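Down below is the structure, laid out as structure tokens.
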Number of protein chains: 2
Amino acid sequence: MESDTDKTQAESAAAEIRTLILNGAFLPGQPLRQEALSDQLSISRTPLRHALQELAGEGLVEATGYKGARVAKPDQRMVDDLFDMRLLLEPLALQSAFGHHTKLDFAVAEMALDAAEAEREPAKLSKLNWDFHYALYRPSNRQTLLRTIEQLNKASALAEVIASSIVVRPEKSADEHRKLLQACRNEDEAGAIAILSEHLRLAYHDVRKGK
Amino acid sequence: MESDTDKTQAESAAAEIRTLILNGAFLPGQPLRQEALSDQLSISRTPLRHALQELAGEGLVEATGYKGARVAKPDQRMVDDLFDMRLLLEPLALQSAFGHHTKLDFAVAEMALDAAEAEREPAKLSKLNWDFHYALYRPSNRQTLLRTIEQLNKASALAEVIASSIVVRPEKSADEHRKLLQACRNEDEAGAIAILSEHLRLAYHDVRKGK
DNA sequence: GATTCCATGATTGTATCCAATATTGAGTTG
DNA sequence: CAACTCAATATTGGATACAATCATGGAATC
């Protein structure tokens, strides 16, 4: 009946490991031994390997046959690629969502912003950040597009955490988010897209500088 | 020593199942029972589940907890998303590759085109199609971008096979490919990008029509 | 002393067995 | 006769045992 108890162990494990990585408990490049991890999470190696594969698909983990899995370490090239893609895809999602936003969408977005103000844990900040953006993109009803964008966000979350940009400049980011939300509420499509693009560029710049 | 014997069973299984799906042996929406498949491939259920998860990540298979996996059936919305994304990302990859192409890249691309002329099996045509595009994008040296584009291509391959567009209009596609390759050899960047975009739009149109 | 070889241990991949969940269908009840 | 119950079955998820591969280190050879 609980919200996440009915999920499969592998999925929960993936979420936990993701949190550990984003919070810096596991550093980039660090090897992730299956037995140690399965012990730590009190599960068997079978669902653990499942979780590792999922994280590999998200780009947070690099795994190669018989060699084991390691925490991915985003380099400059990867960050460039991620933000270039996000700059192309996210405005498309926002544009497609325009005209379909409901009051509930805006309320959900605002709740994420409010929650973020009181949060300091990187993994949760990262999730709230995505929750906000997702609330504005969701009405586009373009699941495949959103799934790809979500992947890109998860992958860049690691880079942002490493650069400490999420933690360092939360107030600036929050301000941009509020402006974006307001533009959406005003049905100012061009303005919202411009704000979103600038917001992504600023985030990219901070990640670059952080390294 | 052989090229793919040293791969893990799960990876080989994923490749085989992908081929079966693209060749129409498994129809969209069809359930993929683990025991039946593991028997058919003469492997255990463990690596099979691994393979199914990988295919799910590629979008060729839809899996939900305890409910089992089915062959994905791309709908109009998914096709729209896939081609919209490809139209934004692939020109970027090609543009980034310009100035870095070697003679070998062009030779590889041409070999793929030649091989495609004699090929009729959908799965192999699909792979050769990607080999060609990849040869032209690879010099960009943007691995993360290329990985995303590859995923999008694999996912749309299923839609293209269903619409029979790959098989139906191979000569038209081949002609566009030759022109694209020539433009790259001539270092005509704007022309090449224009041809690529138009090529993608035509493919999109055919897939829409096919359904 | 550097290098190759091989053995030993560590680690991952696979097979098999067990548990948890979903599905089906006969029987019952209103 | 429709709808619900619940037991029996089918199917997936997880735990454990086994096999294959990789990594480490010392001994032999030059």
Side-chain angles (χ1 to χ4, degrees), chain A residues 1-21 25-73, chain B residues 1-21 25-73:
Chain A
M1 290 307 171
E2 290 187 66
S3 53
D4 42 294
T5 306
D6 55 344
K7 291 169 86 172
T8 183
Q9 290 193 11
E11 295 174 15
S12 314
E16 284 193 49
I17 298 174
R18 197 178 316 151
T19 300
L20 289 172
I21 292 178
F26 297 138
L27 298 177
Q30 174 174 345
L32 300 173
R33 304 290 175 208
Q34 296 179 1
E35 193 170 347
L37 263 183
S38 60
D39 281 3
Q40 183 171 344
L41 301 180
S42 301
I43 58 176
S44 172
R45 272 181 48 212
T46 308
L48 175 78
R49 294 181 76 243
H50 225 65
L52 285 180
Q53 188 184 354
E54 179 170 333
L55 294 172
E58 293 176 10
L60 265 72
V61 160
E62 294 166 356
T64 46
Y66 280 109
K67 230 180 50 181
R70 338 176 67 84
V71 179
K73 57 172 154 188
Chain B
M1 296 305 171
E2 289 186 68
S3 52
D4 40 294
T5 306
D6 54 344
K7 291 168 84 172
T8 183
Q9 289 192 12
E11 296 174 13
S12 314
E16 284 192 48
I17 299 174
R18 195 179 315 150
T19 300
L20 288 172
I21 292 177
F26 297 137
L27 298 177
Q30 174 174 345
L32 299 173
R33 305 288 176 210
Q34 295 179 3
E35 192 170 347
L37 263 183
S38 59
D39 282 2
Q40 183 172 345
L41 300 181
S42 301
I43 59 177
S44 174
R45 270 181 50 211
T46 309
L48 176 77
R49 290 183 59 212
H50 223 66
L52 286 179
Q53 188 184 356
E54 179 170 335
L55 295 172
E58 293 176 9
L60 266 70
V61 159
E62 293 166 355
T64 45
Y66 279 110
K67 232 180 52 182
R70 337 176 68 85
V71 179
K73 55 172 155 188

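Predicted, not measured: the structure shown is a model, and the values here were computed from it. First the proteins, then the strands, lettered A, B, ... as listed; each starts at 1.
The main-chain N or O of B:R49 is never found under 3.5 Å from a side-chain atom of B:Q34 such that the two would form a donor-acceptor pair.
One donor-acceptor pair, N or O on each side, does fall under 3.5 Å between the base of D:dG13 and the side chain of B:R45.
Here D:dA20 presents its P atom at 16 Å from CD1 of B:I43, a figure rounded to the nearest Å.
The nearest heavy atom of DNA chain D to B:K67 and to A:S42 marks one nucleotide each, and the one closer to the 5' end goes with B:K67.
The side chain of A:Y66 sits closest to D:dC22 out of C:dA20, C:dA15, D:dC22.
The shortest distance between the side-chain N/O atoms of B:Q9 and the OP1/OP2 oxygens of D:dA20 is not below 4.0 Å. Of the side-chain N and O atoms in B:T8, none sit less than 4.0 angstrom from OP1 or OP2 of C:dT12.
None of A:S44, A:S42, A:P47 except one satisfies the side chain to side chain contact (heavy atoms under 4.5 Å, CB included) rule with A:Q9; the exception is A:P47.
Considering CD of B:E58 and CD1 of B:I21, their distance stands at 9.0 Å, rounded to 0.5 Å. Here CG of B:L37 is found 10.5 Å from CZ of B:R33. Values are rounded to the nearest 0.5 Å. Between the CG atom in B:L52 and the CZ atom in B:R70 there is a gap of 13.0 Å [rounded to 0.5 Å]. Within the model, atoms CG of B:L20 and CG of B:L32 stand 9.5 Å from one another, a figure rounded to the nearest 0.5 Å. Taken to the nearest 0.5 Å, the CG atom of B:L48 stands 5.0 Å off from the CD1 atom of B:I17.
Across all strands, A:A10 comes closer than 4.0 Å only to sugar-phosphate atoms, never to a base (heavy-atom distances).
DNA chain D is contacted by A:T46, A:P47 of residues 46-56 of chain A, taking any non-hydrogen atom closer than 4.0 Å. A heavy-atom distance below 4.0 Å to DNA chain C is reached by these residues of residues 30-38 of chain A, ordered by number: A:L32, A:R33, A:Q34.
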